[in-house]
Amino acid sequence: MRKSLVALALTVAMLLSLAGFAGSAVAEGEKVKLKLYMMPQDDVQEADWTLYEHQKNAVEAKFPDVEIEWTRLAPGTDYRQQYDTLLMAGDGPTFTSQFPYVDVQTRLANGTIAEITEYVVNWDLKKQGLVNSTFDQALSTPDGKWYAVPYGPYVTGITYNKAVIREAGGDPSVLPTTWSQFAELAQQYTDKDEPRFGYLLLGSDYNAWTFTPWVWSAGGEMVRQNEDGSWAIAFNEEPGVNAAMFMNELVWTRNATQKDILESYDDYQNHFKAGQAAFGWGQPPDFTVEALAKFDQVQDDIGVFPLPGKDEGGMQVAFAGGEVWTMSPIASKEQRDAAWDIINLISYDEDYLLERWALMDSLGQLDARPSVRTDLVEKKYSMASQWPEGWAAELSAAMAMAKPEPYCPNWNDLKNEIVIPLQTIYLKEGITFDEAKALLDECADRLYEMYPQTFKKP
Amino acid sequence: MTHASAAGPRRKKRGGFGLIGWVFLLPALISFTLFKYYPILLGVFVSFFKVDIVRMPGTFVGLANYARAFTDHFFATAIKNNIEFLLIGLVMTFWTPILLATLINEVRRGKTILRTMYYIPAIAPGIAMMVLWKFIWQPDYGLANFIMRTLGLKDQLWLNDARLVKWCMSVPGLVMGGGMNMLIYLAALQDIPEEQHESALIDGAGFIKRVTRISLPQIMPIVTTMLVLAVISSFNAFDNVMIMTNGGPSGATETIILYSFKQAYFGNNDYGYALALSTMTFLIIFALTALQMSLDRDWSVERMKRDEKRRVRETARAARIGR
Amino acid sequence: MAALHPIERKTMKGRVTYWVIIAVLCVGVPIQIFPYLWMLSGVFKSNREIMRAVPTLIPKTPVFNNIPETFAKYNLMQNFWNTMILCGGTILIQCSISILAAYSLAKLKPRGSRFVLLFFLGTMMINEQAIAIPSYLMFNNFLGTGLNLINNFWSLLLAFSAWGWSIFLLKGFFDGLPGDLLESARIDGAGPMGILLRIVMPLSKPVLAVIVLNTFMAVYNQFMFPLILLPDSNKYTIMIRIYATQKGSATWTNVMVLLSFATLPVLLVYLFAQRYIVQGISMTGLKG
């Protein structure tokens, strides 16, 4: 009797909750309602609030018929997780610029972003070729469906701290252009008692991110497209193994890096911002005046340069990535229309952008990201009146050598898979080239085996 | 249950309290149903789906998530890691509290102080201790390497070394779990009647012989129970790996629960697979807990009954006299 | 009892054995306490000094502003109050539920309640790691009402409201209460609630103290549930703050302040309630 009561209660609860899963329809009011998570967090600087107010006013002035709820994600949370949590509860941003472009294929596959083909194919700016097209292949599917448009590309390279280099008795105007120069300088600048590291090695779960440009600078590729459209894995070829061995050399032979490779990316960045490293890896927008001031560092001392080439005259590269605009899969047609107009204003409207950049510059906040409007890239940089001397030139140089993050289906799986062999190679003292190659080969074979649709041996 | 037979003599009075009895039980029934049984059933339910977070629960895939686990080398590594954690824990931390309790039990004066000194480190929040030890193991400027250098030895990578990491991670457990378990063994040791030791002494048995022949066999039931608990907690390992290593280096500390957590929360949203993995740990632990409960019941219930009944009767008598 | 007999301690061999034991135990104590000292010394080091390859136990130049700095930077008092709300709320809800249920099972014994104890004890076989993610899914849309309890303290309070161990312990204790005492109160006209509040509860102070303390410790040290159910940094408990801080933008000095701060409440609780904690362990041995 009791047992059956309990069973009944359980069944009812289960059904109720499943019903809840299903019911998440969006109510349609007369005025289109949007929910935007653009409000800054409390702990940001004053200037961010000024910029936010400016954006809010511009949007509200231009679209009086749209009712917008301005809000923000809970602070301190992982934005991807937060987005999914909200979406699961039938809520969340109508559109967002949070996701890196390499996430798009994963998200379109699990249905957490909306298809926006109708807007992109009828987009005048795009037809005129004024929209940054670096990432197009990653934002669409081969059958011509679109899921995202660019928001903010960035360029990452080797960052350096002039003050630290001077402290170590070096000359910050001499920057390495080959691997051997890089290794020598890094070794020379290291003093573990301070501690001061010649090069900060990123070895945690994101290690494929920094490894990729080193493979490029060795003259190789992470993946290479086959003629039939599938992809061949290339990181286990000679340049890839060389790059991994070079990192091992920096760790052990040169003793020029930290050995705690498990540290998170935040820790990693803090080491650099705190003046504990001569060379690091990063993107200029990270180095705001305030972020550095926390550690008594100044923007003038920070610079960026492309990765050195493997040998004299070898290819020097930087790395391009970036975020994209995506829309919520549960947004209605009206909401998407309104969202599309607002995206066009915020990221692509010339008058608005010029006004905003002028404001940013006056606040000392003009970031180094290239504009997604290809015709306005130069214009933006020319407006930077407060940048430290040399930044504009350094950034342009890095940008000229930038390669976009590789994109292929299962790219994220590849990045997860390579974490383990890379950590093993970096941390094994005296590993040989053949041992390193064997580890990377094994990793490549596993990828071929696990994702036969994507990866095929050439 | 054990106490059910005690209901006998008062059976006839039950009628009057029948309804109110169920009313008193109701909050607990609701709470246990909703927050224990429902989640575990929901977990099993969702593990049969390829979850679509927009249209929950998604597509029914049957046992596909379970099948996937058996071809997933990450899962195989995770199981291997869980088992290694268990074995290393047995070597490092399992026997030390037994030894400690045996030694402390011999102390005549200052027993309470010694017991407290060994127990205090155990009450510090485990998470705080893990972070502290992470700092001690830090390879560039941590204390451990300083000690190595002082002793003229070579620097080690500690938590960054796939071979050493599990050993390093079990060291905080030496202190943390040590104190707690020591108290449990100590309580058991104090129960051993003095006459047993006396008669062994008269037979001419030495100290060590008396400990191994008399003390240890007497506390064996509790040792067995603790062993099962150690197995359970090693399959549940999450906090320590999440905090100290996040599964690294080279996947050497990826446990089943951590891997399941990552599947759900680090960008994949693969709740179906995550729940298939955690359901498997549940099945393992369900069996082990059932075993543990059957082993444990006699020991703890008997002891509790004896101690507490006595105290309660005394209190009750005092209360009655007062009235 | 001790294996070493009092008479034996009068002999030379016995005395040596005894003092060897004492010596071993005394050597162990500093090793046991040292990590704490190391943590405390970190609180007073400068950011540079704490990362030196040649560490110091006593800071060369003691720094005192790490403490106010850490409190201001991470809003620690809020984390502390969050933790206290959760601990207090759980104690209130979970203990009330457990007391009512245990009392009913031990003394009222309604028809069929024997199976109910099994129903409660059965939950001790469910590992919390296996129900954490499903609980998250459940609270995301609570029982289909569209109510999202993620980032809401209620999700945690509700999830913690069921604890088989405390019902088990309480029932065992209530079983031992003399029936005639309760019977005489019943004849005096007291209802079940009156008996529970006026007679059973005052007699059960020791076991209640054990339950309250253990609940406090369990909630205070919880990691996985608050991590999943309360991801908003304004809702962080102290443990989640430690986790987020040590993997995020903190210096080791900040972390050491945090660790010391997190250890303090349990130390205080231990000093004032040591008897009940030790009793809790020896009463049940183990927790589910």
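Reminder, nothing fancy here: chain letters follow the sequence lines and each chain counts from 1.
Of the two parts of B/Ala290, the backbone and the side chain both hold a non-hydrogen atom closer than 4.5 Å to a non-hydrogen atom of chain C. C/Met256 touches chain B through its side chain: at least one heavy atom from C-beta onward sits under 4.5 Å away, while N, CA, C and O do not. Contact annotation for C/Leu271: neither backbone nor side-chain heavy atoms come within less than 4.5 Å of a heavy atom of chain B. There is no contact between C/Ile99 and chain B, counting heavy-atom distances below 4.5 Å. In this structure, the portion of C/Leu227 lying under 4.5 Å from any heavy atom of chain B is its side chain and not its backbone. Proximity to chain C involves both the backbone and the side chain of B/Leu103, based on heavy atoms less than 4.5 angstrom apart. Contact annotation for C/Ile167: only side-chain heavy atoms (C-beta onward) come within less than 4.5 Å of a heavy atom of chain B. Interface residue C/Tyr18: only side-chain heavy atoms are found under 4.5 Å from chain B. In this structure, no portion of B/Thr102 lies under 4.5 Å from any heavy atom of chain C. For C/Phe174, no part lies under 4.5 angstrom from a heavy atom of chain B. The contact between C/Ser161 and chain B is made by backbone and side chain atoms together, counting heavy-atom distances below 4.5 Å. In this structure, chain C has heavy atoms under 4.5 Å from both the backbone and the side chain of B/Phe32. The parts of B/Asp239 that come within reach of chain C are both its backbone and its side chain, each placing non-hydrogen atoms under 4.5 angstrom from that chain. B/Arg213 does not touch chain C: none of its heavy atoms, backbone or side chain, sits under 4.5 Å away. Only the side chain of B/Leu114 comes within contact range of chain C, judged by heavy atoms closer than 4.5 Å. Both the backbone and the side chain of C/Leu25 come within contact range of chain B, judged by heavy atoms closer than 4.5 Å.
Here the OG atom belonging to C/Ser98 is positioned 11.0 Å from the CD1 atom belonging to C/Ile93, to the nearest 0.5 angstrom. C/Leu182 CG to C/Arg186 CZ: the interatomic distance, rounded to the nearest 0.5 Å, is 10.0 Å. Note: B/Leu189 CG to B/Ile214 CD1 = 12.5 Å, rounded to the nearest 0.5 Å.
For the options B/Lys134, B/Arg210, B/Met280, heavy-atom pairs under 4.5 Å to chain C are most numerous at B/Arg210. Heavy-atom pairs under 4.5 Å with chain C peak, among B/Thr150, B/Val51, B/Ile104, B/Val131, at B/Val131. Between chain B and the residues C/Lys13, C/Met39, C/Met224, C/Glu128, the largest count of heavy-atom pairs under 4.5 Å involves C/Met224. Looking only at heavy-atom pairs under 4.5 Å with chain C, the residue among B/Val211, B/Leu132, B/Leu277, B/Ile257 that has the most is B/Leu132. Taking chain B as the reference chain and counting heavy-atom pairs below 4.5 Å, the highest number among C/Ile238, C/Ile31, C/Ile50 is found for C/Ile50. Put simply, of B/Phe24, B/Trp133, B/Phe146, the one with the most heavy-atom pairs under 4.5 Å next to chain C is B/Phe24. Comparing C/Thr17, C/Leu196, C/Ile21, C/Leu264 by how many heavy-atom pairs each has under 4.5 Å with chain B, the most go to C/Ile21. Chain C forms more heavy-atom pairs under 4.5 Å with one residue of B/Thr279, B/Thr116, B/Asn246 than with any other, namely B/Thr116. Contact count versus chain B (heavy atoms, under 4.5 Å) is highest, among C/Asn140, C/Val29, C/Ile22, C/Val255, for C/Val29. Ranked by heavy-atom pairs under 4.5 Å with chain C, the first of B/Phe135, B/Phe261, B/Phe238 is B/Phe135. In terms of heavy-atom pairs under 4.5 angstrom with chain B, the leader among C/Leu105, C/Ile33, C/Val24, C/Ile97 is C/Ile97.
Residues B/Leu100 and B/Thr96 fail the side-chain proximity criterion, which asks for heavy atoms closer than 4.5 Å. Two residues are said to be in side-chain contact when any heavy atoms from C-beta on lie closer than 4.5 Å; C/Met124 and C/Trp163 fail this criterion. Side-chain atoms of C/Leu258 and C/Arg241, non-hydrogen and from C-beta on, do get closer than 4.5 Å to each other. At a threshold of 4.5 Å between non-hydrogen side-chain atoms, the residues B/Thr281 and C/Gln129 do not count as touching. Taking the side chain as every heavy atom from C-beta outward, C/Ile242 and C/Thr245 never approach each other to under 4.5 Å. Residues C/Ile133 and B/Leu275 are in side-chain contact: their nearest non-hydrogen atoms beyond the backbone lie under 4.5 Å apart. Contact annotation: the side chain of B/Met117 never approaches that of C/Gln32 to less than 4.5 Å [non-hydrogen atoms, C-beta and beyond]. Residues C/Leu137 and B/Val46 meet the side-chain proximity criterion, which asks for heavy atoms closer than 4.5 Å.
Ring centroid separation for the pair C/Phe225 and C/Tyr136 does not come in under the 6.0 Å cut-off.
Enclosure of atom CD1 in B/Ile113 is not indicated, since only 12 or fewer non-hydrogen atoms of other residues, nucleotides or ligands lie within 6.0 angstrom. The environment of C/Leu268 atom CG is dense: over 12 non-hydrogen atoms of other residues, nucleotides or ligands sit within 6.0 angstrom.
C/Ser166 and C/Gln94 form a side-chain donor-acceptor contact under 3.5 Å, judged by distance and modelled atom types alone.
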Stepwise ring-ring contact (aromatic ring centres under 6.0 Å, His included) test for C/Phe119 and B/Tyr37: CA-CA 10 Å; C/Phe119 179 78; B/Tyr37 287 105; 4.6 Å; yes
